[in-house]
J.: 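Before I ask anything, let me first share the structure, which is written out below as structure tokens.
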Amino acid sequence: MQRRNMILGAFAVVGLGGWAWTSQRSGNSTELTNLPGAANAQSTSADVDTSGITDMVLGNPDAAVTVTEYASFTCPHCATFHTGAFKQLKADYIDTGKIKFIYREVYFDRPGLWASMIARCGGTEKFFGIADLIYKGQSEWARAGEPAAIVEELRKIGRLAGLENAKLEACLQDGEQAQALMAWYQGNGERDGISSTPSFVINGSLHANMSYADMQKLIDKELGS
């Protein structure tokens, strides 16, 4: 399970439009060069406008139970959840209208942010389909090697999802969007006390990663069944 650094210390500006990102998986910061604008965004601040960032939602918007998942696209446990238990959750509770499901990204590292930029590139209609492809291919793209190679593998996933090259490049070059996403993540994470992924907030109560059986018990309790 991945754990984040203190949110406000997650990265530091290193020069003209670049950043160095410090993650607990690596003790070193790496300056990004010759990568998309999203990779080179300035650090975020409290006054960044996040009004354009939307939650990705499935299920019944008026359901009595809301399940919010906090996940990182580079988190192996998140990939395990989305390629397994999430399918059951969707069939049992989301597709049946019993719950409202919200997915919120967590950024522990640069590739996680790039993956989010690709997933959001197709808008709300394509998000979960692209996210599914990203999680299924995590073991390949996340281990592609150099940052540029990782970005190229993510571009391939975007193209597989039907996104055109021009659209993908526009998304990846959108530094303002990257800053807004970081500020949005920081605000969400601090408010809900997120320190690991996946984490689940079920009707306001925070829970760490768990088995699907345990999740069912929590949801059913909230449903009164």
Side-chain angles (χ1 to χ4, degrees), residues 2 4 7 10 38 41 44-75 77-79 81-82 85-87 89-109 112-135 154 157-158 161 163 167 171-172 174 176-210 215 218-219 222-223:
Q2 294 182 349
R4 65 181 175 92
I7 293 175
T44 57
S45 63
D47 60 357
V48 173
D49 181 10
T50 62
S51 62
I53 307 300
T54 59
D55 276 329
M56 295 300 168
V57 180
L58 292 173
N60 178 7
D62 299 318
V65 177
T66 297
V67 176
T68 302
E69 179 193 6
Y70 282 90
S72 166
F73 282 118
T74 56
C75 160
H77 294 284
C78 301
F81 174 75
H82 275 271
F86 177 73
K87 310 299 183 185
L89 179 71
K90 189 172 185 297
D92 294 342
Y93 296 98
I94 298 173
D95 293 344
T96 56
K98 293 180 179 179
I99 69 169
K100 175 183 178 181
F101 177 82
I102 301 173
Y103 179 93
R104 289 179 181 161
E105 299 99 301
V106 171
Y107 306 123
F108 288 121
D109 46 32
L113 175 61
W114 304 335
S116 178
M117 298 292 282
I118 293 293
R120 287 177 172 266
C121 195
T124 56
E125 292 183 358
K126 286 182 175 288
F127 178 83
F128 284 100
I130 297 175
D132 186 57
L133 292 174
I134 290 173
Y135 277 125
L154 288 169
I157 291 175
L163 300 179
K167 176 69 172 176
C171 291
L172 286 168
D174 194 345
E176 289 186 2
Q177 174 80 345
Q179 290 184 14
L181 283 170
M182 279 300 305
W184 176 75
Y185 148 63
Q186 290 170 359
N188 288 335
E190 289 181 332
R191 182 185 63 251
D192 288 340
I194 305 303
S195 62
S196 64
T197 57
S199 289
F200 302 92
V201 179
I202 301 176
N203 273 5
S205 296
L206 177 62
H207 303 274
N209 191 23
M210 68 191 86
M215 181 177 288
L218 291 170
I219 295 174
E222 293 296 324
L223 289 170

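Basis for what follows: all heavy atoms, side chains included, without hydrogens, waters or symmetry-related copies.
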J.: Please tell me if the side chains of Asn203 and Thr66 come closer than 4.5 Å, counting only heavy atoms from C-beta onward.
T.: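 Yes, at least one pair of side-chain atoms sits under 4.5 Å.
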J.: Which heavy atom in Gly122 sits nearest to a heavy atom in Leu163, and how many Å separate them?
T.: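 In this case the closest contact between Gly122 and Leu163 is CA-CD2, 3.8 Å.
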J.: If I take atom OH from residue Tyr70 and atom CG from residue Asp192, how far apart are they, to the nearest 0.5 angstrom?
T.: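 Rounded to the nearest 0.5 Å, the OH-CG separation comes out at 3.5 Å.
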J.: Less than 6.0 Å separating the ring centroids of Phe86 and Tyr103?
T.: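 No.
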J.: Go through Glu105 and Trp184 one step at a time and tell me if the side chain to side chain contact (heavy atoms under 4.5 Å, CB included) criterion holds.
T.: CA-CA 9 Å; Glu105 299 99 301; Trp184 176 75; 3.5 Å; yes
J.: Is there a donor-acceptor pair under 3.5 Å between the side chain of Thr96 and the backbone N or O of Asp92?
T.: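 A pair under 3.5 Å: yes.
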J.: Angle class for the Tyr107/Tyr185 ring planes (parallel below 30°, perpendicular above 60°, tilted otherwise)?
T.: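 Perpendicular.
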J.: May I ask you to decide if Ser51's main-chain N or O and Asp49's side chain share a donor-acceptor pair within less than 3.5 Å?
T.: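 Checked: pair present.
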J.: Using side-chain heavy atoms (C-beta onward) and a distance below 4.5 Å, is Tyr93 in contact with Leu223?
T.: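 Tyr93 vs Leu223: side chains touch.
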J.: Would you give the length of the straight line joining atom CD1 of Ile194 to atom OG of Ser72, rounded to the nearest 0.5 angstrom?
T.: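 OG of Ser72 is found 12.5 Å from CD1 of Ile194.
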J.: Hey, is the main chain of Phe128 close enough, under 3.5 Å, to the side chain of Asp132 for a donor-acceptor pair?
T.: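 Between the backbone of Phe128 and the side chain of Asp132 there is no qualifying donor-acceptor contact (under 3.5 Å).
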J.: Which one of Glu69, His77, Lys87 satisfies the side chain to side chain donor-acceptor pair (under 3.5 Å) criterion with His82?
T.: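 Checked Glu69, His77, Lys87 against His82; only one passes side chain to side chain donor-acceptor pair (under 3.5 Å): Glu69.
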J.: When you measure from the side chain of Asn209 to the backbone N and O of Cys78, does any donor-acceptor pair fall under 3.5 Å?
T.: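 No: the side chain of Asn209 does not pair with the backbone of Cys78.
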J.: Let me confirm one number: the CD1-CD1 distance from Ile99 to Ile202, rounded to the nearest 0.5 Å.
T.: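 If we round to the nearest 0.5 Å, Ile99:CD1 and Ile202:CD1 are 8.5 Å apart.
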J.: Has the side chain of Asn60 got a donor or acceptor atom that lies under 3.5 Å from a matching backbone atom of Lys100?
T.: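 It does not hold such a pair.
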J.: Are the side chains of Met182 and Val48 in touch, meaning some heavy atoms are under 4.5 Å apart?
T.: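 Heavy-atom side-chain distance check fails, nothing below 4.5 Å.
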J.: Let me see the working for Leu89 and Ile219 under side chain to side chain contact (heavy atoms under 4.5 Å, CB included), right down to the final yes or no.
T.: CA-CA 10 Å; Leu89 179 71; Ile219 295 174; 3.7 Å; yes
